[in-house]
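The structure appears right after this line, and notes come after that.
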Amino acid sequence: MKRFTKLLSLISALIMAFATLAPVCTVHSMPSAPVISVQNYTVCLTEAESIKYIRFALGTYKSASEIKNAADCVTLNSSVISVNTANGVFSYEMPNGGIYSFWVKTDSSEYIFSPVDMTFMTPEIVTDGVTITVKNVYGASDLFIAKGTWNSYPEIKSNGYIVRATSNKLSTLKNYSYTVKDPGDYTVLVRYNGREWYKNFNIYCITPTYSGNGLQLTVGNLEGVKVIRTACGKYTTISAMKKSDTHKAFTAKGVLKDQSEYTIQLRNSGIVTVAVQYENGYYEFYEYNAVQKTPTISQDNEKITFGDLDGLKLIRYAKGEYTTSKEIKYAPDSRVIKYESALNGYITVTLDPGIYSFCVQYDDESYNYYTFTVTDKEKAPAVFSKQYRFTDAQGNTVSTLPYWLYTPADATEGMPLIVVLHSAHVKSKNELTAEANLDNMVSSADDLPKFIYNGEFGNIPAYIVMPQTSGASRGWAKRGAELKELVGFCQREYGIDSGNVSIMGYSLGGTGAIEVASAYPETFTRVFSAAGGLDGVTNNSRPYIEGTGRLDINTETYKALRVLKENSTTEYEKETMKYQYAASGNKYLTITKEEIDAAKAFEIQRITEIAGIFNNDDILVWTVVGDRDTEVAPSVSAELCDTIGSNKAKCDVIEDCSHAGAISYCLEIKSEIISFLLNE
């Protein structure tokens, strides 16, 4: 028994000794199998740290080799897996929806996940400005975007939708985007086979604000702006604005950078279209009526009074004739008056005798230029008188051609004479007396006699004769002989310098000035013609309508004929279509190519004849015409001046194509016109 006890103790001691020498073993749990999940186009796998490779292919496969051998198999290695893993979960967005099979290789095992169903998507709506993006559109049969809040397809169909995208268009898209025109409430309907998905939402956009000030327009709320475009006139499309010669663009990378508002500086009055485009696709058009700020002006000889001065920046003036603000500013005796000097909204300047140039500038950068003449009160004033007849060298009455006579202040012998011919608007009328007709000539229409009579041209150191022709007269050329006799009468009666006689006219008078001077070149030394032409040239170029005669130049039909037709195919048509017109496929005009050629030849003949006359008699010519004058083709004046030569003639072609624009231009350069006519 004792031996057994000792043996047992020995065994126990050996066990304890071995227990002390043996290492301690730690039991590790095996890693869990990866779990796959799907959210729309994104596949997630857990236990990502243990994953070495991932393969997937579109379709249902049961083995790793089937997946590997699939035509569209994709393999992701550990580097790709690591980049797309966060917090132990691998996430990967699939290229499209469908049924997929996945093979996953971990440190210790392989796993097949098949099928992985990504056929049921939950659409989402994301908006950026007026751009609507519908996400997760896989499997949709069609998609609708409609303005307003609707809850069924019949409502959307009956009230109209903006766009419909069919399955053909959606089949290759994960997301569908569309830019609408306006903010507001919208509905998106996505239809699947057997189900529908609706979403009502509101689009809110930053929209621009506008604040006008004369020739300035301030556009506000420019956060996220891309570009601001402007063009003179009315436009409804960006493409049309870009084609305009007046188009300007202000970009976010340029002057709009970091700007919450921007002030557009305009130069002329009139309608301006402004298009504001944002980066998010929103844009809108705004029409602004720019109006140049101008003062009211009254002159009582040496006292010049300016009114309507709200927004006035300054009035700058100097003695002498200047055409720019800079010239006035640096003139020797330049003066500046600011709005603070105004009394009850008016500023009055008292001047010494002389000629003065003024620039009235407003806070919107409106510049207004004026020239004033102040006479010495002690000098005799200029006088206008009505005359009804004149005599020839033998004392016989030549005609009953009535006229206004302007006698200059301190008139002396040897002064110049200017003959002024009026337009067709102020011909005498049978129902009025000769006196009433003369009054009408200087009061009813914007014409040279009116502006000379009203003092717009200042005090002119010359005699001025302004005759009036009758309503039955077709032009001044028929009365050239009488006008020559009138000049002779003035020379005998007032001691006019026979070598300093000029003639000027506007419209009908502009044509008459050239015709009369060319008929009597020994009488005149200078000719000024505004919006004039040559007798017969324009009429001969006018289309002829059978039974009616030549087209009236004021009709819309005639104006339309001056534009070449788009369907012109031959050289003849391109050259002559402007004089033809087609109605319902039938030629409406009887004018022929021979008639047109004859008219053009006649024009060239007349221009050549008159140019030769002026060159032989050293007559100087100055013409003014609009670039698209609807009554007189500018080529007549331009070609005449070109034929005479630049050393003796010039033609000003102004941008304003109207007759009114021509007379306005004359007022702008009135000092230069008088200097030209007086040979100064």
Side-chain angles (χ1 to χ4, degrees), residues 37-44 56-61 70-74 91-102 114-205 224 226 236-240 275 277-285:
S37 61
V38 174
Q39 178 62 41
N40 292 327
Y41 293 98
T42 301
V43 173
C44 297
F56 64 84
L58 189 62
T60 302
Y61 301 105
D72 58 351
C73 176
V74 176
S91 300
Y92 191 82
E93 186 171 334
M94 302 298 288
N96 212 331
I99 302 294
Y100 287 85
S101 295
F102 277 76
S114 180
V116 178
D117 190 352
M118 280 182 284
T119 58
F120 185 84
M121 300 291 173
T122 302
E124 297 178 18
I125 300 294
V126 177
T127 60
D128 180 16
V130 289
T131 299
I132 301 171
T133 298
V134 186
K135 304 182 74 172
N136 308 327
V137 295
Y138 176 80
S141 58
D142 53 12
L143 178 153
F144 298 86
I145 298 176
K147 186 74 180 291
T149 301
W150 315 109
N151 296 301
S152 68
Y153 170 69
E155 285 183 329
I156 291 176
K157 185 177 180 181
S158 61
N159 289 281
Y161 48 81
I162 298 172
V163 64
R164 177 196 180 197
T166 63
S167 58
N168 289 336
K169 189 168 187 177
L170 300 175
S171 61
T172 60
L173 300 178
K174 295 168 69 173
N175 307 319
Y176 176 79
S177 295
Y178 188 83
T179 300
V180 295
K181 176 63 176 69
D182 304 307
D185 293 327
Y186 287 86
T187 297
V188 168
L189 163 63
V190 184
R191 296 199 300 181
Y192 302 87
N193 293 327
R195 64 187 181 93
E196 295 180 344
W197 182 88
Y198 291 89
K199 182 68 175 181
N200 304 125
F201 56 96
N202 177 269
I203 291 179
Y204 169 78
C205 288
K226 180 179 181 181
T236 57
T237 65
I238 300 295
S239 60
Q277 297 175 266
Y278 289 85
E279 294 287 357
N280 60 25
Y282 178 73
Y283 68 92
E284 69 178 38
F285 293 92

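For clarity, every value in this text was computed on a predicted model and none was experimentally measured. One-based numbering along the sequence shown.
- A ring-centre distance under 6.0 Å is found for Tyr153 and Phe144.
- Listed here is the closest heavy atom pair of Trp197 and Pro123: CZ2-O, 3.4 Å.
- Atoms OH and CG, on Tyr204 and Asn202 in that order, are 10.5 Å from each other to the nearest 0.5 Å.
- Side chain of Asn96 to backbone of Tyr138: no donor-acceptor contact under 3.5 angstrom is found.
- The side-chain heavy atoms of Glu124 and Val134, taken from C-beta on, include no pair separated by under 4.5 Å.
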Practice prompt. Show your reasoning for whether side chain to side chain donor-acceptor pair (under 3.5 Å) applies to Thr179 and Thr131.
Written response: CA-CA 4 Å; Thr179 300; Thr131 299; 3.0 Å; yes
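- Atoms CG and OH, on Asn175 and Tyr41 in that order, are 7.0 Å from each other to the nearest 0.5 Å.
- Of the possible polar contacts, none joining the Asn200 side chain to the Asn151 backbone as a donor-acceptor pair under 3.5 Å is found.
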Discussion item. As a quick check of understanding, evaluate side-chain contact (heavy atoms from CB on, under 4.5 Å) for Asp72 and Val74, giving each step before the final call.
Written reply: CA-CA 6 Å; Asp72 58 351; Val74 176; over 6 Å; no
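- When all heavy atoms of Leu170 and Ala140 are compared, the closest pair comes out as CD1-CB, 4.0 Å.
- How far CD1 of Ile162 is from OG1 of Thr187: 10.0 Å, rounded to the nearest 0.5 Å.
- Considering only heavy atoms from C-beta on, Thr133 stays 4.5 Å or farther from Ile125 through its side chain.
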Worksheet item: What do the steps show when you test Asp117 against Val38 for side-chain contact (heavy atoms from CB on, under 4.5 Å), and what is the final call?
Response: CA-CA 8 Å; Asp117 190 352; Val38 174; over 6 Å; no
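- Within the structure, salt bridge (Lys or Arg N to Asp or Glu O under 4.0 Å) contacts touching residues 140-162 (residues at least two apart or in different chains) are Asp142-Arg164, Asp142-Arg191.
- In this structure, the separation between CG on Asp128 and CG on Asn280 is 5.5 Å, given to the nearest 0.5 Å.
- A 4.5 Å side-chain heavy-atom check between Tyr198 and Ile156 finds at least one atom pair inside the cut-off.
- Summarising the geometry of Pro183 relative to Ile203, their closest heavy-atom pair is CB-O, 3.3 Å, with the distance given to 0.1 Å.
- Taking the six-membered ring where tryptophan is involved, the planes of Phe201 and Tyr186 are essentially parallel, since the angle between them stays under 30° and well short of 60°.
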Discussion item. I'd like to know whether Met118 forms a side-chain contact (heavy atoms from CB on, under 4.5 Å) with Thr42, so could you lay out the CA-CA distance, the side-chain angles of the two residues, the decisive distance to 0.1 Å, and finally the verdict.
Written reply: CA-CA 9 Å; Met118 280 182 284; Thr42 301; over 6 Å; no
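- Here Lys181 contributes atom NZ and Glu284 contributes atom CD; the two are 7.0 Å apart, rounded to the nearest 0.5 Å.
- Looking only at atom types and distance, the side chain of Asn168 has no donor-acceptor partner in the side chain of Thr166 under 3.5 Å away.
- Under a cut-off of 6.0 angstrom, the local environment of OH in Tyr283 is sparse, with at most 12 non-hydrogen atoms contributed by other residues, nucleotides or ligands.
- Side-chain contact between Phe56 and Tyr92 is present, with at least one heavy-atom pair separated by less than 4.5 Å.
- Between the Tyr161 side chain and the Val188 main chain, no donor and acceptor come within less than 3.5 Å of each other.
- Using a 4.5 Å heavy-atom cutoff, the side chains of Ile99 and Val116 are not in contact.
- Taken to the nearest 0.5 Å, the CE atom of Met94 stands 8.0 Å off from the CG atom of Leu58.
- Nearest heavy atom pair, residue Ser101 against residue Ser114, reads OG-OG, 2.7 Å.
- In this structure the side chain of Asn40 never reaches within 4.5 angstrom of the side chain of Lys135, judged on heavy atoms.
- Closest approach of Ala70 and Ala57 over heavy atoms only: CB-CB, 3.6 Å.
- Judged by distance alone, with hydrogens and angles left aside, the side-chain atoms of Lys174 form no donor-acceptor pair with the main-chain N or O of Gly97 at under 3.5 Å.
- Counting all heavy atoms, side chain and backbone alike, Val130 lies closest to Cys205 at CG1-SG, 3.5 Å.
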Item to complete: Tell me, with the steps shown, if Leu189 and Glu196 meet side-chain contact (heavy atoms from CB on, under 4.5 Å).
Response: CA-CA 7 Å; Leu189 163 63; Glu196 295 180 344; 3.9 Å; yes
